[in-house]
Amino acid sequence: MATKTKRYNIRIAGVGGQGVVTSAHILGNAMSAAGKYASLVPFFGSEKRMAPVEAYVRASDEPIYEVGEVVYPNVIMIYHPQVITHGKSYTMPFYSGLKENGIVIINTDVDVLTDEDKKVLDDLNTQIVMYNATGLAMDIAGTELATNMAMLGFFFGITKLVSFEHIEQAVRERFLGNTFVASGGTASLDSAIEKKFKRKVELLEKNMQVIKKSFKIVEEQGWTEEKEPVNA
Amino acid sequence: MYYVARVDEEKCATYNCKQCTLFCPEANTLMFDERKNAAYVNEPRCKGCALCVYVCSDLLKRDCITMEMVTTE
Amino acid sequence: MPEQKVVDIDYLLKEAPRERHFITGAQAMAEAVKRANVDMAIAYPITPQSEVMHLVGDLYAQGYLKDYYRAEEEYGTMSAIAGASRAGVRVFTATSGPGLLRGIEAIASWPGHRIPAVLGVLTRVVNAPLSIQPDNIELAYLLHSGVVLLHAENQQDVFDMTLAAFAISEMVDVYIPVAVATEGFFVTHAKGYVEMTPEDMKLPPRDPYKAPVPVTDCEVPPARIQRDAPVQKSNFMSYLIHAVWQQEVWSSTQRAMKYIYKYLNGPIEVVNPDADVFVVASGCAAAQGREAVRYAQEEGLNVGLVKIKSIRPFPAQEVREALKNAKGVVIPEHNIEGWLSKEVKAAIPNSGIVVDGPRVYGGMTLPVELIMEEIYKILGIKQEKKVVI
Amino acid sequence: MGLRYVQPAPGFKQYLPKDYVDLIDFGPFGKEVDASQIGQFKEILEEHPMCAGCWMAYFVRVFYASLPNPEDTIVLGTAGCARLALSQAAVPFIYGNYGDTNAVASGLTRALNLRFPDKQKDVIAIAGDGGLMDIGFSMTMHSWFRKEKFTTIMVDNEVYGNTGGQESGMSPKGVQLKMAPKGKKFDKLPATELAKLAGCVYVVKIAPTNIKRLSKVIKRAILAARHFGPTFIHAYTSCNIEYSIPTEEVLRDAREREKKDFGFEEYMTDEVKAFFEEIEKKKKEVKA
C-alpha cells in the first residue's frame, strides 16, 4: 500500500476586488518554485466588485492529474465574511463538500460561525482559523488589498508546504514579471508596468511584510499543522 | 427522336456573319467552317433550343437555320 | 524569433532534446504550431479557443507563419482552410463547441477532399442553455466525420498530439485531417508541465506533390473527382464513386493507426494492467481517472486506467485486450450522452461490466470522488460518509 | 508552367480521345484567343448537362472563352446550376460546400501567392444568386472587405434553379416562386452596390447580349483582381425553366431585361482605370 501523499485541494472564496484569483496564481507558482506540484482553475465569468468569486488550487508533493473546480476540498479559505454572512458563495453552506480533517481559514473580525456550523465542522475534525486578515493588511501594508497576502501567509504558515523564499519568488513573479498569458494586450501592459515599476517594488515589499507577519501569527497562535498530513 | 438545328450551308455561305455561333449556349456545337464560309452543327451536341434560329431568322432575317427532327440510330 | 532549422520528422518527434516548461494548454498548442512549419492559419474567436489563435497570431507577427487572418465565421474559416490546403500549404485552425458545429459542414468534407489540415478542438458546451464551460459533447459530432480524432489529457498531450498531427495528416497513406481535442479551460487555461522540443527546430515543409490526390495549383493535372460532382452523371455513378471514395477515406483513418503507434506510443495507455477494475477515459477525464487510481492505491484497491488517446481510429482491439480480465469498467465522461461508453461497449464482448458513468455535463468538473463511488459499488465496498453534501 | 500539364507524354497522343487531341491542337492554351471567335477554335468547355437554351450555360461558355490565362486558372463553384457546366472544362475546378466559394477562394488565393510569389494564378469564384447573396452572403462580403485578390462572378438567374425553383434574395419583388407562394415580399438585393461599398475595385452589371463587351469585362475583372483587389461581375442569366421563357426567346428576354433593369454598368477605381488605360495605350502602340 502506497504512502499517503501530502495533498491539499483548496477552495478560495471571496468577493470581487480582493485578489482571489491572483492569490491562487501565487499559491500555484510558489509550489512550482519549490519544485512541487500545483494546478489551479481560474474562474471565468463576470467578475464584479463585491460579487462572489471563487478560485481552486490543488497543491501537492506529488504530480497532480485532476483538473476542474474543487468540489470536495480539504482546505477552504474565506477571504470575506460576507461569503458566510451574506451567502456570497457558489456553494451553500460555505463548507459544503468539505472533507474530514480539513482546514478552514476565515478572514473576519468577529465570530461568523453559528453553533450549527461549528458542530458540523467539529464532527469533521476541522481546524478552524478565524483572524482579521484585512486588519493585518491595513496595519502592515496600509491597504486592504493585501488581505490575500495575509491569507496566503496563514495557509503556508499552517501547512509549511513551501519556504518563505519560494513565496517571495512567486509574489515577485506575479508583480514584476508577467509570464502567465501572452495576448494582444500584453505589450502595452508591459510598458505600463515598467513605468510603475518603482511603485510595484514598494508594493511587493509591503506584501512580503504582510506574509512574514502572518507566518509569525501562525507560530504565536500555535496553528501549525502538527497532525498527520491531510489526505485528499 | 429529338430536334436539332440544321444549317443550310449554301445559303449561309452567301453571308459572312457567324452571328449564330456567337449565341449558341453550347460549346463546340454550332461551329463555323472557314473553308466553306458557313456555319455547321455538331448534331450529337445540339440540345435543340432554337436560339440560333431566333438569331438567324428573327433578328437577321436570313433564315438559314431550321429545326429538324432526327432519330438516333 | 530564432532561426529555425528543418529536422527530420522522426527526429523531432522522437529524439530531439526536450526542455520542461510550465505553460497553459493553449500555449502548448501554439508551441506545437511554432515547431510544425505551418504556412498559414485562419482564426475566428470563440471562448475558450480564442487564446490558442491569439498565440498563433503572435507567431505570425513574429514570422513563424507566412499568413494569418481572422475570418468571418467558422464556416468561412473551415472553407478557407480547405482552399489553402488544396493549394498545397500547411494550415492550422482551432475552434470550440458551437464554432465546431458551425464549421462542421466544411470539416466533414475535408476528409473527402483529402485535406491534410490540423484542427484544434477546445471543447465547450453545445446547445441551450448557454454555457461556455468544457462539456465535450461536440466530439460526438466529429466521430462520424472521417477525421482522425486525438483526445489530449493534459498540456503535454496537447503539445505532443498537435505536433504529431501535422506529421500524421500529411502521410501519403493517410492524407486526411487530424483533429486534436482537449477540454477547454481545464486544460487550455490551466498550466501544466510540458516537455518541449527546442524552438529552433521545425518539421520539414509540406511537400504538396507527395500526395495521393494532387493539389489544385495548375502545375499538375487535377484529380477528376475534384472537378466532377458525380451526382451529375447518374445515380449509380454517384453511389459508386461516393462509396469507393469514402471507403478509401475511412481506410485512411485506419492507416493513421500505425503512425499513432510510432509517434504517440499507441492509441491507449494502460496503468496497472493487472487491475480488477478499470477506469476507461479520454481527455481530461483520463486525468481524473489517473487520480482515482492513486486514491484507490492508497486505499489498497486494485484499480487501473485505460486512457484512450485516439478516438478515431478507435482502438477497439487494444481496448478489448486491455479489459479482457476486468471485473468492472468505469467510464467517466464530460458529456450527457456517453459517446466513449458506447464506443467501449461496442468494442468488448462483455459490455455488461461497463458502468455508464459517472458523467458530468454543462462543463462541470468531474470529481474523482464520483469515480471512486462507482469503484466502491463494483467492489461491493460500503462507503462511509466523509464529506458534507 | 500550367500549359505543361495538358500536354500528353510523347507517343501517347494517338491514344487519346479526339476531344482531348483537339484541345491540344486547336484549343486556347498558350494563345491569346478572342471570345468572338468561338465556333472557330476548340473551346475548353465540354459537353454538360445544363438545360437546352440556358442563358447561364451561354455565359459559362463565353466565360471560358474569355480567360486571359486558362492554363493557370482555377475556377470555384458551389451548389447550383452553373457548376454543372463549370466543372466540365479543361481548367481545374473546385466544388466545395454550400455557398463557400469566396471563403475557399480566399484560402486558395493566399496559399497560391505563398507558393508562387512570382507567377500569376487566376482564381475565379462563380456562383449563383443563392450561393453568393443568400447562403454565402457573409463569405462573399467578407472576402471583399478583406480585399482578397480574386474575381467573383454572380450568374443571377433570380431563382434556385437547381433545387426546383425557389425564391432567392435576387428574385424580383412580387414574383411567385416556390417558398414564396404569395409572391416575394422584398426587393432584389443591390448586389453591385454592396460590392462597391465592400471595396471591390471593379464592378460590372451586365446582361449577356454582346459577346465582345461581355468578354472584355470578364478579362478586365480578372486582370484587375490580379493587382488591385476583389472584382465582381453581376450577370443576368435567366432561368428559362422556372420563368417559363421559351428557349428560342431567351436572348430576346435578355435584351428586354437589359433595357429595363439590367443596363450595362461598369465601375472601377481610379487606380484600375489608369491600369486599363495603360494597357490600351500599349496595345495601340504595338498595332502602330
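What you see is a predicted model; the values in this text were computed from it and never measured. Convention: sequence-line order gives letters A, B, ...; per-chain numbering from 1.
- The candidate with the highest count of non-hydrogen atom pairs below 4.5 Å against chain D, out of C/Gly76, C/Ala80, C/Gly88, is C/Ala80.
- Figure legend: C/Arg102 and C/Tyr44 shown without cation-pi pairing, the cationic atom not lying both under 6.0 angstrom from the six-membered ring centre and within 45 degrees of its axis.
- In D/Met179, the CE atom is not crowded: 12 or fewer heavy atoms of neighbouring residues, nucleotides or ligands sit closer than 6.0 Å.
- Annotation: D/Arg115, atom CZ; neighbour count of heavy atoms from other residues, nucleotides and ligands within 6.0 Å is above 12.
- Of the possible donor and acceptor atoms, one in the side chain of D/Ser143 sits under 3.5 Å from a partner among the backbone N and O of D/Thr140.
- The part of D/Thr73 that comes within reach of chain C is its backbone (N, CA, C, O), which places non-hydrogen atoms under 4.5 angstrom from that chain.
- Heavy atoms of D/Tyr98 lying under 4.5 Å from chain C belong to its backbone as well as its side chain.
- In terms of heavy-atom pairs under 4.5 Å with chain D, the best-connected choice from C/Thr77, C/Val220, C/Val91, C/Asp39 is C/Val220.
- Looking at D/Leu112, the atoms closer than 4.5 Å to chain C (heavy atoms on both sides) sit in the backbone and in the side chain alike.
- Applying the 6.0 Å contact sphere to NZ of D/Lys31 captures more than 12 heavy atoms from other residues, nucleotides or ligands.
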